[in-house]
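Structure first, commentary second.
Protein chains get the first letters and strands the later ones, always in sequence-line order, with residue 1 at the start of each.
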Number of protein chains: 2
Amino acid sequence: MKPAPDPVSPLDALAASAAPRWRTATEFVEATLKAAILEGRLPGGTPLRQEELAERLGVSRMPVREALRQLEAQALVEVLPHRGAVVAEISAADAADLFAIRRALEPAALRLSIPHLTEAQRDQAGALITAMDVEPDPGRMGLLNRQFHMALYAAAGHPRLLALTEQHLAAFDRYLRFHLAAQGRERMAQQDHRAMLEAAARGEAAAAAAILEAHLDQAAEAIARFFAAREAGAA
Amino acid sequence: MKPAPDPVSPLDALAASAAPRWRTATEFVEATLKAAILEGRLPGGTPLRQEELAERLGVSRMPVREALRQLEAQALVEVLPHRGAVVAEISAADAADLFAIRRALEPAALRLSIPHLTEAQRDQAGALITAMDVEPDPGRMGLLNRQFHMALYAAAGHPRLLALTEQHLAAFDRYLRFHLAAQGRERMAQQDHRAMLEAAARGEAAAAAAILEAHLDQAAEAIARFFAAREAGAA
DNA sequence: TAGCGTAATGTTGGATCCAATCAACGGCCG
DNA sequence: CGGCCGTTGATTGGATCCAACATTACGCTA
């Protein structure tokens with residue numbers, strides 16, 4: 001039936017590193033814009049002119065159009081018919097929205113994952129915690145945090161659930177920058193991370209999920225406070 | 001500040017019914033394909049040739065391309081570079097995946113919504129229950145079920161959470177057809193629906209969420225049994 | 001005859017061109 | 001003087017054309 005059930009080989013890694021990083025121009029544009037938006041280089045409300053982007057990225061308008069459509073489906077840009085695309089705005093309400101989604105998805109993923117986590121996966125998560133301890137750059141910090149969380153959820157199966165989780169975890173990066181800038185990155189709830197990992201190692205899914213929920217609630221409150229302070233200062 | 005804070009008028013309804021239903025050809029193609037996939041008219045694995053679709057729908061290939069990209073982001077079709085798009089396959093694993101997502105999102109939405117539900121919204125939900133009692137058509141049934149669930153979640157705020165919930169509730173329609181066909185529609189847990197509504201009316205969010213979770217678990221088991229039986233029969 | 005390499009074909013990805021729509025500006029009428 | 005309407009400019013949506021890629025079939029060679 002299956003002539004090559006396991007095509008993974010050293011050649012794949014070689015090909016992945018050697019070949020151009022993106023298969024199509026559309027993928028390139030999408031990845032570039034996505035990173036720029038998530039890293040805050042394109043603030044909310046920025047109009048995205050197709051022709052300008054095409055010129056700047058060295059492609060024609062068409063891959064830009066398709067990329068914008070995909071980003072629209074991810075709620076990163078807002079496309080109005082015949083009026084163009086703008087980067088989606090960030091706000092306290094949107095941050096709360098995102099947290100409600102993460103608060104629903106991530107504990108579910110964690111509960112499903114813990115019974116099937118391997119020791120290697122837990123070790124990887126632990127390594128990511130220690131990497132976070134010494135990472136000075138906030139951008140890398142967000143990436144490591146994302147990788148740590150996803151490493152804990154990796155054994156959940158359910159690829160769609162995991163993809164959704166990762167997408168919204170990444171979407172949160174737009175707010176993480178504010179968060180870290182506001183309250184200093186050193187207290188990024190590393191003890192929560194360690195406690196979650198320990199509970200996971202003991203197979204205590206419910207306990208780990210409870211820590212995660214508190215972790216997320218705490219982060220949500222910090223973001224809400226930051227927005228409240230910013231609006232008070234701006235007003 | 002706001003020159004027209006409430007632009008709703010009889011003219012809007014008129015315009016909505018008179019004008020062509022879709023603003024752009026892309027929207028038309030996307031809606032058409034989405035409905036066809038969710039209703040089961042396009043089974044999993046069906047290849048979607050751009051030129052053929054364009055001809056059949058009376059548009060050029062370009063709106064088809066953009067629509068396929070949007071459907072890809074919704075996991076309804078799978079697009080492989082230079083190899084075209086196929087309708088995403090359904091499977092027991094994917095159904096379980098979808099249920100894990102619904103099981104995470106919907107109780108969260110319900111908990112957030114119940115404290116803010118108005119009596120009018122509850123009445124609407126009740127009307128949808130009675131409408132389901134007398135609906136013979138399975139397709140309409142799925143629509144009513146979706147509307148009932150969303151009516152209960154409507155007061156949750158958090159537009160992104162609601163949009164995600166609705167999207168995955170709609171995605172489940174592909175399996176609902178199987179479900180209803182297999183075990184007869186009359187027992188579609190109408191008592192669960194009524195119990196949820198009553199708990200919501202009493203403001204008991206936790207109780208309503210518990211009923212919803214059991215409701216979803218039960219549906220998930222039914223689908224799993226159906227798939228197991230089908231595979232046993234096919235083998 | 002089996003396997004590899006090559007050519008042919010069909011499909012998609014990308015570029016360019018044209019049409020439709022929206023926003024802004026300016027003139028006209030009340 | 002203010003509001004409405006037509007016109008202009010800019011931008012997007014859609015159509016057509018060309019190039020690149022993947023699959024298939026064929027032929028050659030061992």
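- With sequence neighbours excluded, the residues forming a side-chain hydrogen bond (donor to acceptor under 3.5 Å, both in side chains) with A/Glu52 are A/Arg56, listed by chain and number.
- Sorted by first then second residue, the ring pair (Phe, Tyr, Trp, His ring centres under 6.0 Å) pairs that include residues 34-74 of chain B, not counting sequence neighbours, number zero.
- For residues 81-105 of chain B, the ring pair (Phe, Tyr, Trp, His ring centres under 6.0 Å) pairs, not counting sequence neighbours, are B/Phe99-B/Phe172.
- Applying the salt bridge (Lys or Arg N to Asp or Glu O under 4.0 Å) definition to pairs two or more places apart or across chains, those involving residues 101-111 of chain A are A/Arg102-A/Glu106, A/Arg103-A/Glu213, A/Arg103-A/Asp217, A/Arg111-A/Glu213.
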(request) Could you encode protein contacts along nucleotides 10-23 of chain D as a string, one character per nucleotide from 5' to 3', using B for base contact, S for sugar-phosphate-only contact and - for no contact, with a heavy-atom cut-off of under 4.0 Å? (result) -SBBBBB----SSS
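- Residue pairs meeting the salt bridge (Lys or Arg N to Asp or Glu O under 4.0 Å) criterion with at least one partner in residues 142-164 of chain A, sequence neighbours excluded, are A/Arg146-A/Asp173, A/Arg160-B/Asp94.
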